[in-house]
Protein chains: 2
Amino acid sequence: MVVLPKKALRPRTVGRLSIYRRVLNQLLENGSVHIFSRDLATLAGVSASQVRQDLMNVPACGTPQHGYSAIELLLSVNRCLGTTTRASTVLLGAGHLGQAILAHFQATQPDLEMKAVFEVDPALVGQRLHNITILPLTDLEYQLRLIKAKVAILAVPSNVAQILAEQLVNAGICSILNFTPIRLQLPQHVYVEDNDIQTSLERVAYYATAPMNQGVNA
Amino acid sequence: MVVLPKKALRPRTVGRLSIYRRVLNQLLENGSVHIFSRDLATLAGVSASQVRQDLMNVPACGTPQHGYSAIELLLSVNRCLGTTTRASTVLLGAGHLGQAILAHFQATQPDLEMKAVFEVDPALVGQRLHNITILPLTDLEYQLRLIKAKVAILAVPSNVAQILAEQLVNAGICSILNFTPIRLQLPQHVYVEDNDIQTSLERVAYYATAPMNQGVNA
DNA sequence: TAGATTGTTAATCGATTAACAATC
DNA sequence: TAGATTGTTAATCGATTAACAATC
């Protein structure tokens, strides 16, 4: 096991490490002490090769006899994904989807800290949601700078997605989780993750009827 | 342009065709008649090569002078993705996320027809949501067979995800949109699309702080 | 016609899987 | 020790990009 100079992980690797982390937490709750790559693979829905390949980035340290120490591996993955500082986060859009996302925050406590919720609908502005006051979108950029927001979650109507995204970037946001079906046109340095429910729906519709013979599974 | 015997499209291709479809609809609303692969590419956030590669599956028929006819291309994509029959769909879980998904249905009318909503919480059972009565999870399999459900959307707590998924498959479901963070263990013939908000959150968190130098964009 | 674009094939790139020496 | 597993490199697979003849 060789420790390389730290390098950015690929998005898919980060996704799988995040899954391994959850599996490990679950295992520890159930009293497991050690785990083999094969078993971790099964629980995470990937191949054993993939697990070992991913763990090269962590880095992990297993033995042929017991595999990996569950607790050590978990700590190592945490260190790799960087739980040290919780990035300052804002949510745009307090509709059903926005509220569902806030509920996720409550339950899972990711490496993010929700600092503010913004909303156009005047009926919602001023209300409190999970202990966070809903702010108007009018002085968005000022507020973002004030709280030094780094991450934004975009759960607003399509027609305002691009213009709001540009304001976000202007105000220093560097990572966006985009729930709108619009493909945002932004500078390269901004990380954008699209979570497009509309496309997801159309894909399950397609495979409900289409010839799905040759194990085309996701 | 050669018409090949129809073959299942790959998930990513389906996703992009779904995006092209939306872009084309928008263009037609704005009065565009023709479109070049390069412009479609820009609007969809992909390369022109990618667009032409995808359109080989449709198939499309463009000219060097005007590119593609927007309306013909749209119809062709629709035919390819198969809008003919709307697959019978059910939603499991009527929490915030479930309600947000139902709202998407209202707005976008995908190639799915929502037939029933199931929920454990007795307080919600019996209520109506977007004109659909919320049913209890007790006689799930019977109800699914009754309405010949083909697609299921899973928006339930993690701890019941696997057991419910198995019931779904038993009752003839062949395509699942999985919003839980659990990786479902199901037979190969079932298409499962994971839309894991928790992982999405952890990924944007990672790229908010991590070295994100070499255009690692999604 | 001249020139830009299409449809398609070839090349590249990245991600996953297989293989295997080292190891406990 | 014998045997199964790790860490790592090589091979494969699939997806994206580049190239270019055909074309309008």
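Side-chain atoms are counted along with the backbone in the values below, which use heavy atoms only and exclude waters and symmetry mates. Quick note on labels: first sequence line is chain A, next is B, and so on, each numbered from 1.
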Is [X] reaching over with its side chain to a backbone N or O of [Y], donor-acceptor style, under 3.5 angstrom?
X         : Y         : answer
Gln99(A)  : Ala94(A)  : yes
Gln185(A) : Thr42(B)  : yes
Asn30(A)  : Leu27(A)  : no
Arg203(A) : Val14(B)  : no
Tyr68(B)  : Leu40(B)  : no
Ser175(A) : Val151(A) : no

Distance check needed: [N] [atom2] versus [X] [atom1], whole Å only.
X        : N      : atom1 : atom2 : value
His66(B) : dG7(C) : NE2   : P     : 15 Å
Met56(B) : dT6(C) : CE    : C1'   : 11 Å
Asn57(A) : dG7(D) : CG    : C1'   : 12 Å

Arg10(A) vs dA15(C): side-chain N/O to OP1/OP2 distance below 4.0 Å: yes
Footprint string (nucleotides 16-24 of chain C, 5' to 3'): B base within contact, S backbone only, - free, heavy atoms under 4.0 Å: SBBB---BB
Atom pair CZ (Arg21(A)) and CG (Leu17(A)), whose distance is rounded to the nearest 0.5 Å: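 Taking CZ in Arg21(A) and CG in Leu17(A), the distance rounds to 8.5 Å.
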DNA chain D contacts made by residues 36-44 of chain A, counting heavy atoms under 4.0 Å: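 Of all residues in residues 36-44 of chain A, the ones placing a heavy atom under 4.0 Å from DNA chain D are Phe36(A), Ser37(A), Arg38(A).
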Positive for side chain to side chain donor-acceptor pair (under 3.5 Å) with Ser37(A), one of Gln53(A), Gln50(A), Arg52(A):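 So, applying the side chain to side chain donor-acceptor pair (under 3.5 Å) to Ser37(A) and each of Gln53(A), Gln50(A), Arg52(A), only Arg52(A) qualifies.
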Inter-end axis angle, the helix from dG3(C)-dC24(D) to dC24(C)-dG3(D), with every axis fitted to five base pairs (rounded, 10 degrees):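 Comparing the first five pairs with the last five, the axes sit 10° apart.
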Other residues, nucleotides, ligands: >12 heavy atoms within 6.0 Å of Glu141(A) CD: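 Buried by this count: over 12 neighbours within 6.0 Å.
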Donor on one side chain, acceptor on other, Ser88(B) and Lys148(B), under 3.5 Å: no
